S.K.: 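Below you will find the structure I want to go over with you.
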Amino acid sequence: MKFRLFRWKAIGPLLLLLAVIAVLVALFAEPVARDTTEDVSSDVLGTQVDVGKVDLYPRAIAADLRRIEIADPFDVNRNLVEAGNIHVLVDPEALAEKKLVVRRLSLRGMRFGTARRTPARPARGDAFAPQLVRAVRQWAAQFDVPILSLTPIDTIRQLALDPTQLGTIRAATSLLARTDSTRKAIEGGLRALPVTPTVDSAKALIARLDTLNPRRLGLQGTRDAVESVRRTIRQVEDARRQLEGFGKNVQQGVGLLGSGLGQLDEARRRDYEFAKGLLKLPTFAAPEIGKAFFGQVSVARFQQAMYWVQLGRRYMPPGLLPRETTGPDRLRLAGTTVQFPKEKRYPPFLLEAGTVDFTIGGEGGLAGAYAASVRGLTTTPALYGRPTVISARRRAEGPVLRSLKVDAVLDHLTRRTRDSIVAVAEGVGLPAFDLPGLPVRLDPGSGRSGLAFVLRGDQISGRWSIASDRVRWSIDTAARRLNDVERLVWRVISGLNDLSVTAEVSGTIRAPRLAVSSNLDQAIAARLEAVIGEELAKAETKVRAEVDRLVNEKVEPVRRQVAEVQAEARQRLEAERKRLGDVEQELRAELKRLSGGLTDVLPLPKLPS
């Protein structure tokens, strides 16, 4: 019997099967890789990611991604980043262990802030990234950005105030009820004190002892009489202590009424501002103008920084706790995949140290070649043991983009996370934007831009600034006609060639604070105050007079009642103290009369100091 190594009849079908598999891979591997890359990237970043084409190179374990578009999570009509080509070379040994180690990464033809051909799909669902988009939008909505009011003074005719809208009247009504309650409490407390029974008992004892002659009582009788006086003195002293304790409570109560009067003054000041808001008086306070003009654009910058920092915290979590991720799609339930990181093991993804050379194409101010370095970029920072450090640099000669510096440190080693981003660009083309409240568009041209953002735990610290000496202004007169105040503002700003804006954010994630200042708002404030300051002062006087007219009708009676309660409390307490003091003096005089020359046998109690 011959031994046959090959079954030649099966070779043909096997080769045919392999050929079919090769054809299927050649036809569908790259489209499937492209679709998978789009889906995974969109889920991870929380925004739509489009990939034009994917070229796979199995022998080199590399891939080329072409025409990549990453949409802005907060603007569906704008791309955050575009890249003409991304080349990725990975380590095959790590890939065999289901780990991703990037050996080389290069980017070409990058552009930022470009318009999309079609609107991006907004993030939806309950995954982390869509939830983060909604959470950051809610965070940005916390900032109080005022609306600039440039209403002409001559449009003010009358002020119609509803008394129920005024906080001072509501506070006065509440204080009046507290005053009545305090008065009743004082009356009830005085009645509950043992002052009157003690005084009446002492006077009865004094009247009875006045009829007695110590010489006829004898030694024992005198002793009994003296002990009765002493016992009554102790009762008087106890009543005085209770009265003093009650007096302290009364002082606190009437002191709160006095604080309530101070709160009425604060409420009146708020009512002044409320009434001025009804008149829509022009605003020329520099901080308010700065916030109104540049508040939204500043919040947008901090919103982007907050989003990407929080996204980094999600995918680079501290510690070695188990991490849950949504499992693969199945016919029944997708389930949940739980990863248990172990010490002294390589993380699922690690870029220990690398340099990235990328090119931004086009004719914009950012075009050119860049060099960036990345150290310690990993999904498990606790295993790597050092913070992630990212930096990018470019220097160029000429008027366009003289320098660009970007530094980021992501320290997620422990629960006390610290993330910081610092970016400074010189000679960069600054984005144009509309001024809120005016049909005016501001194009800063080329200038300097800087962003510093630090998040320590939930403590925020950030600063964004732009400066340019090539500002261009444009006005859309077809939108609507400007009134006198708006024309005045236009004359001020259209004559400015320099622009300097600084926005600062501080506080916590739940209670952030925003401050904005610029040379623009200071110039407008000074000009408005010089031109319409007198008329505005008249309008404010009118506002105050109308608020005072409505408020005084309710506040003055409350002030009188509070003063009456305070005076009555003092008088009643003094009267009760006097009654106890008088009767105690009488008791001590009677005690001295009874003891007579028996002070050695019947020592007198010590007088209170």
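All residue numbers refer to positions in the sequence shown, counting from 1. Everything numeric here is computed off the predicted structure, so don't read it as measured data.
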S.K.: Distance-only, no hydrogens or angles: does the Gln48 side chain make a donor-acceptor pair with backbone N or O of Arg121 under 3.5 Å?
M.R.: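 Yes: the side chain of Gln48 pairs with the backbone of Arg121.
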
S.K.: Measure the shortest side-chain to side-chain distance between Val440 and Ile493 over non-hydrogen atoms and say whether it is less than 4.5 angstrom.
M.R.: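 Answer yes - side chains close enough.
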
S.K.: Working to the nearest 0.5 angstrom, can you tell me the gap between Ile86 CD1 and Asp64 CG?
M.R.: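 Answer for the CD1-CG pair, Ile86 versus Asp64, is 10.0 Å.
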
S.K.: Any side-chain heavy atom of Phe293 within less than 4.5 Å of one from Leu442?
M.R.: no

S.K.: Within the distance-only criterion (no hydrogens, no angle test), does the side chain of Thr47 pair as donor or acceptor with the backbone N or O of Ala71 below 3.5 angstrom?
M.R.: yes

S.K.: Roughly how far apart are Arg67 CZ and Leu65 CG, rounded to 0.5 Å?
M.R.: 11.0 Å

S.K.: What is the distance from atom OG of Ser391 to atom CZ of Arg375, rounded to the nearest 0.5 Å?
M.R.: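 Output value for this atom pair is 7.0 Å.
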
S.K.: For a side chain to side chain contact (heavy atoms under 4.5 Å, CB included) check, start with the C-alpha distance between Leu451 and Phe302, then their side-chain angles and the critical distance, and finish with the verdict.
M.R.: CA-CA 9 Å; Leu451 173 67; Phe302 294 126; 4.1 Å; yes

S.K.: Can I get a per-line list of side-chain donor-acceptor pairs under 3.5 Å for residues 501-517, giving both atom names and the distance, sequence neighbours left out?
M.R.:
from   : atom 1 : to     : atom 2 : distance (Å)
Glu504 : OE2    : Arg463 : NH1    : 2.6
Thr508 : OG1    : Ala511 : N      : 3.1

S.K.: Within the 4.5 Å heavy-atom criterion, are Met306 and Arg301 side-chain neighbours or not?
M.R.: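 Not in contact.
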
S.K.: Rounded to the nearest 0.5 Å, how far does NE2 of His412 lie from OG1 of Thr414?
M.R.: 10.0 Å

S.K.: Any chance you could measure Gln131, atom CD, to Gln310, atom CD, to the nearest 0.5 Å?
M.R.: 12.5 Å

S.K.: Please test Asp50 against Arg116 for salt bridge (Lys or Arg N to Asp or Glu O under 4.0 Å), starting from the C-alpha separation and ending with a verdict.
M.R.: CA-CA 11 Å; Asp50 298 318; Arg116 290 184 60 87; 2.9 Å; yes

S.K.: Passes salt bridge (Lys or Arg N to Asp or Glu O under 4.0 Å), Lys405 versus Asp407? Steps please.
M.R.: CA-CA 7 Å; Lys405 296 186 295 182; Asp407 294 289; over 6 Å; no

S.K.: Hey, does the side chain of Trp473 reach the backbone of Asn497 with a donor-acceptor pair shorter than 3.5 angstrom?
M.R.: no

S.K.: Please give me the minimum heavy-atom distance between Ser468 and Ser446, naming the atom from each residue.
M.R.: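 Residues Ser468 and Ser446, closest heavy atoms: OG-O, 3.1 Å.
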
S.K.: Do you know which two heavy atoms are closest between Trp464 and Ser449, and how far apart they sit?
M.R.: NE1-OG, 4.0 Å

S.K.: Where the side chain of Arg487 meets the backbone of Leu482, is there a donor-acceptor pair that is under 3.5 Å apart?
M.R.: yes

S.K.: Can you see whether Arg313 engages Thr417 through a side-chain donor-acceptor pair at a distance of less than 3.5 angstrom?
M.R.: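 Their side chains do contain a donor-acceptor pair, which is all the 3.5 Å distance test asks for.
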
S.K.: Using side-chain heavy atoms (C-beta onward) and a distance below 4.5 Å, is Phe294 in contact with Ile466?
M.R.: no

S.K.: Under a 3.5 Å threshold, yes or no: a donor from one side chain and an acceptor from the other, between Ser500 and Ser518?
M.R.: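 The answer is no; no qualifying pair exists.
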
S.K.: Assess whether salt bridge (Lys or Arg N to Asp or Glu O under 4.0 Å) is satisfied between Arg418 and Asp411, documenting all intermediate values.
M.R.: CA-CA 5 Å; Arg418 182 183 184 275; Asp411 187 352; over 6 Å; no

S.K.: Going by distance alone, is a donor N or O of one side chain under 3.5 Å from an acceptor N or O of the other, for Gln304 and Asp72?
M.R.: yes

S.K.: Measuring only between side-chain heavy atoms, which start at C-beta, is Leu499 closer than 4.5 Å to Leu520?
M.R.: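 Yes, side chains in contact.
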
S.K.: Evaluate side chain to side chain contact (heavy atoms under 4.5 Å, CB included) for Arg441 paired with Ile475, printing each intermediate quantity in order.
M.R.: CA-CA 6 Å; Arg441 187 166 181 80; Ile475 185 170; over 6 Å; no

S.K.: For the backbone of Val406 and the side chain of Arg393, can you confirm whether one donor and one acceptor N or O come within less than 3.5 Å of each other?
M.R.: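 Yes.
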
S.K.: Indicate yes or no for a side-chain donor-acceptor contact from Asp75 to the backbone of Asn77 under 3.5 Å, with no hydrogens or angles considered.
M.R.: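 Confirmed, Asp75 side chain pairs with Asn77 backbone.
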
S.K.: Could you walk me through whether Arg78 and Glu69 pass the salt bridge (Lys or Arg N to Asp or Glu O under 4.0 Å) test, one step at a time?
M.R.: CA-CA 10 Å; Arg78 192 173 77 104; Glu69 296 182 1; over 6 Å; no

S.K.: Could you check Val422 against Phe453 for side chain to side chain contact (heavy atoms under 4.5 Å, CB included), going step by step and ending with a plain yes or no?
M.R.: CA-CA 7 Å; Val422 178; Phe453 187 84; over 6 Å; no

S.K.: I need the minimum non-hydrogen distance between Leu410 and Asp419, along with the two atoms involved.
M.R.: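 Nearest heavy atoms, Leu410 then Asp419: CD2-OD1, 3.3 Å.
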
S.K.: Find out whether Leu438 and Val489 are in side-chain contact, i.e. whether some heavy atom of one side chain is under 4.5 Å from a heavy atom of the other.
M.R.: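 When only atoms from C-beta onward are counted, Val489 and Leu438 do touch, with a gap below 4.5 Å.
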
S.K.: Which atom pair, heavy atoms only, marks the closest approach of Ala115 to Asn79?
M.R.: O-ND2, 4.3 Å

S.K.: I need the minimum non-hydrogen distance between Phe433 and Pro444, along with the two atoms involved.
M.R.: CE2-CG, 4.5 Å

S.K.: Could you check Asp443 against Val471 for side chain to side chain contact (heavy atoms under 4.5 Å, CB included), going step by step and ending with a plain yes or no?
M.R.: CA-CA 6 Å; Asp443 184 359; Val471 177; over 6 Å; no

S.K.: Working to the nearest 0.5 angstrom, can you tell me the gap between Trp308 CH2 and Leu80 CG?
M.R.: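 Result: 5.5 Å between the selected atoms.
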
S.K.: Taking all non-hydrogen atoms of both residues, which atom of Leu430 and which atom of Ala467 are closest, and how far apart?
M.R.: CD1-O, 4.0 Å

S.K.: Could you name each residue pair satisfying ring pair (Phe, Tyr, Trp, His ring centres under 6.0 Å) that touches residues 68-88, not counting sequence neighbours?
M.R.: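 Counting only pairs at least two positions apart or across chains, the ring pair (Phe, Tyr, Trp, His ring centres under 6.0 Å) contacts touching residues 68-88 are Phe74-Tyr307.
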
